[in-house]
Amino acid sequence: MYVIETIGLTKHYGQNRGIENVDLTVNEGEFFGFIGPNGAGKSTTIRTLLNFIYPTSGRAMILGMDCITETTRIKSVTGYVPGEINYYRNTSVRDLLYYAASFHGQVDRLYMKKICDQFELEMVKPIGTLSLGNKKKVAIAQALVNKPRLLILDEPANGLDPLMQSRLFSVLTDVNQDGTTVFLSSHNLTEVQRFCHRVAIIREGSIIEVSQVDTLVKTSSRRIIVQSRENLEPILHQLGVKEIRVENLRFSFSYGGSIDQLIKTLARYTIDDLRIEDPSLEDRFLHYYEGGDTH
Amino acid sequence: MNLYVFEIRRQLKSLLVWFGVLALVLLLFMSFFPSMADSDMAQLTRIKLNAIPPAVREALGITRTTDFSDILQYFAYTAQYILMAASIYAAILGVSALVKEEAEGTIEFLYAQPVSRTGIAAMKLLAIFTLLLLFNLLLFAVSALLFEIFRHPGYEYLPMLIAMFKGMLGGQAVFLVVGFALSSVLSRFSNPGPIGLGLFFLTYLLGNIALINRDLEWLKYLSPYHFVQPSTILADGGAIQPPYPLVMLAIVVVAVVVAFWRYRNKDLMV
């Protein structure tokens, strides 16, 4: 049984596109990344999974339960951190967390306290007075109160300072290791590359790739930067490089071919500096979005 | 039940503000009663009121109760302003109930919890009705206290006061549920305050047109305020004129069905 399964999930907002035929499966225990630019359909997919919105066609299931008819049961085993945190402004952090807990019956108070301590939450402050980052921490804490089997996060690291981001991912890694499946929509590709096992890339409402992060990165082109005293552009074109940028004989390009061939070719010229960067998810992502190529 | 308690706690402060203002209005009006009850003044008031054209008197709610030396009649006149304000409060309570969660984005917290949409709507409706009931009980208590202070010794007022408040609560309940139905239909960009005000004044205007223009008398069925005007209830011995009770019941049933059905099926946007 998949933790998340969508079959031809489609949502149109009137004439506007939301998502189109999204087929997605997430396995138990996975740390799954869902990436795409603003407006690609990440939040629409998440909101359909949680029954905030109804699909135009297709089906979605969480832990084998139907996302429309069994949404209440789904939510008893799911935690959700929305992209923008708009909680009850005058309610204190403590009251909000107890309110969230009250929907779940029995919750582990010690665990709740541990999470609050970990995020250094200011329990007595009203939510409305908190900074964006602190609101985010409250949202993550409330999503964890029921020790969910599935945690869905929409851009959780936005607004958090680097220290808190690292603490967030350490908490997420911990809960993931304890068996919680994490479904993370994000712009932060470095984080996704670092923590996620698999990733789905969504563009203009459609999934264009689902793959292991390692595989995706390995098949990406490397970014190479060469500082020369001669014009290398013609020879670089012959080598089939892509996305070439030239500035004062500094050549930056994307290269997916043989490194041996590249070095041997460049050795014929005077080279002042050569940098070969590790392939990254970001390169792959930009390749899709700038190149417009889905294969 | 947690949602119900949370809603009540969250809205208690605004209830107390509305109540405080209306209690002051009641106090102000009722403190004029001893001078209004003075026989010369009563005579003068009656003459002046009779000089007002009947249609205007109808619109002002002073057709059948013009003896301001009688504390119940005087209160009934005062209470129509209380009813107006309370109806607006009820309408705003209703209109805000569901759509405010979407407008403020808090629905992303609430509906992520294990609670169904029907559960949310039911608990919210129960909470706002409880608030309205509490609001009316507080106003009733203040009114009873003022009667104790200003009535002539031995004057029996309680049954009629209860009847007027029961009627007024009924009228407000209609505004509450119609507002609640609107709340399930409106988009998140709507502003509950002005819509609540609009709901009251539009129906009030239609009710007044019905009073003035006999050809448009049927419009009176669209104004819950006019169903339960305290002066009419008092003149009718404490009863709401038929078929208004049935009309009210029909409106309540339709509005509740629409609200629950629509809320179950709508896309909750933020």
Side-chain angles (χ1 to χ4, degrees), chain A residues 11-14 18 43-44 46-56 65 68-92 95-105 127-128 135 138-139 142-143 145-146 148 150-154, chain B residues 1-17 96-124 126-128 131 184-192 260-270:
Chain A
K11 174 68 183 175
H12 295 156
Y13 296 107
S43 296
T44 299
I46 290 176
R47 287 184 182 144
T48 313
L49 287 173
L50 295 171
N51 188 235
F52 283 98
I53 51 180
Y54 285 90
T56 309
M65 295 178 272
I68 296 173
T69 56
E70 293 174 282
T71 187
T72 311
R73 275 179 64 207
I74 286 174
K75 283 158 189 172
S76 63
V77 288
T78 307
Y80 170 52
V81 179
E84 274 181 44
I85 312 300
N86 297 304
Y87 290 170
Y88 306 99
R89 294 183 57 78
N90 298 323
T91 305
S92 73
D95 286 352
L96 185 98
L97 292 178
Y98 279 121
Y99 186 38
S102 71
F103 284 97
H104 294 281
I127 307 273
K135 279 185 196 162
V138 174
Q142 73 79 27
V145 292
N146 59 329
L150 167 66
L151 187 58
I152 297 178
L153 306 104
D154 197 353
Chain B
M1 227 44 196
N2 52 349
L3 202 164
Y4 170 78
V5 174
F6 186 81
E7 281 298 313
I8 288 183
R9 274 180 54 188
R10 206 157 65 93
Q11 301 203 51
L12 211 52
K13 203 191 273 178
S14 111
L15 180 148
L16 292 176
V17 171
S96 315
L98 298 170
V99 80
K100 208 173 167 196
E101 298 268 3
E102 288 167 74
E104 294 180 354
T106 49
I107 192 68
E108 283 209 291
F109 167 84
L110 185 57
Y111 197 48
Q113 312 303 328
V115 57
S116 67
R117 293 185 185 213
T118 308
I120 293 175
M123 285 299 130
K124 287 213 172 236
L126 200 58
I128 56 175
L131 286 163
S184 70
V185 175
L186 291 168
S187 92
R188 70 195 153 119
F189 301 112
S190 320
N191 196 339
F260 276 76
W261 178 82
R262 179 67 196 138
Y263 197 63
R264 267 178 71 95
N265 294 300
K266 83 187 288 197
D267 280 348
L268 299 172
M269 307 297 286
V270 281

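Only this structure's heavy atoms are used, side chains among them; waters, hydrogens and symmetry mates stay out.
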Margin query: Within the structure provided, determine whether B:Asp267 and A:Lys11 are in side-chain contact (heavy-atom separation under 4.5 Å).
Written below: yes

Check: Roughly how far apart are A:Ile53 CD1 and B:Met269 CE, rounded to 0.5 Å?
Finding: 6.0 Å

Next item on the list: Compare all side-chain heavy atoms of A:Arg73 with those of B:Pro114 and state whether any distance is below 4.5 angstrom.
Entry: no

Notebook entry, point to check: How long is the gap from OG1 on A:Thr71 to CZ on B:Arg117, to the nearest 0.5 Å?
Noted result: 8.0 Å

Next item on the list: Output the distance between atom OH (B:Tyr111) and atom OG1 (A:Thr72), rounded to the nearest 0.5 Å.
Entry: 6.0 Å

Check: To the nearest 0.5 Å, what is the distance between CZ (A:Phe52) and NZ (B:Lys266)?
Finding: 13.0 Å

Check: Does the pair B:Glu104/A:Arg89 count as a salt bridge with the N-to-O cut at 4.0 Å?
Finding: no

Notebook entry, point to check: Which of the residues A:Ser76, A:Ala100, A:Ser43 is involved in the greatest number of heavy-atom pairs with chain B at under 4.5 angstrom?
Noted result: A:Ala100

Note to self: Within this structure, what is the CD1-OG1 distance for the pair A:Ile127 and B:Thr106, rounded to the nearest 0.5 Å?
What the structure shows: 11.5 Å

Notebook entry, point to check: Tell me, do B:Val115 and A:Lys75 make a side-chain contact under 4.5 Å, heavy atoms counted?
Noted result: no

Check: Checking A:Leu96 against chain B: side chain, backbone, both or neither under 4.5 Å from a heavy atom?
Finding: both

Item checked: Residue B:Arg264 excluded, over 12 heavy atoms near CZ under 6.0 Å -> no

Next item on the list: Count the heavy atoms belonging to other residues, nucleotides or ligands that lie under 6.0 Å from CD of A:Glu84, then report whether that count exceeds 12.
Entry: no

Notebook entry, point to check: For B:Asn2 and A:Tyr99, which heavy atoms make the closest approach, and how far apart are they?
Noted result: O-CE1, 3.8 Å

Margin query: Please report the interatomic distance CD1(A:Ile85) to CZ(B:Phe109), rounded to the nearest 0.5 Å.
Written below: 11.0 Å

Margin query: Between B:Glu101 and A:Tyr88, do the side chains contain a donor N or O and an acceptor N or O under 3.5 Å apart?
Written below: yes

Margin query: Can you confirm whether A:Tyr98 is buried at OH, in the sense that more than 12 heavy atoms of other residues, nucleotides or ligands lie under 6.0 Å from that atom?
Written below: no

Next item on the list: Sort A:Asn51 into side chain, backbone, both or neither according to what part of it lies under 4.5 angstrom from a heavy atom of chain B.
Entry: both

Checklist line | Least distance between heavy atoms, A:Pro82 atom then B:Glu108 atom | finding: CB-OE1, 3.2 Å

Item checked: Atom group of A:Gln142 that falls short of 4.5 Å from chain B, counting heavy atoms -> side chain

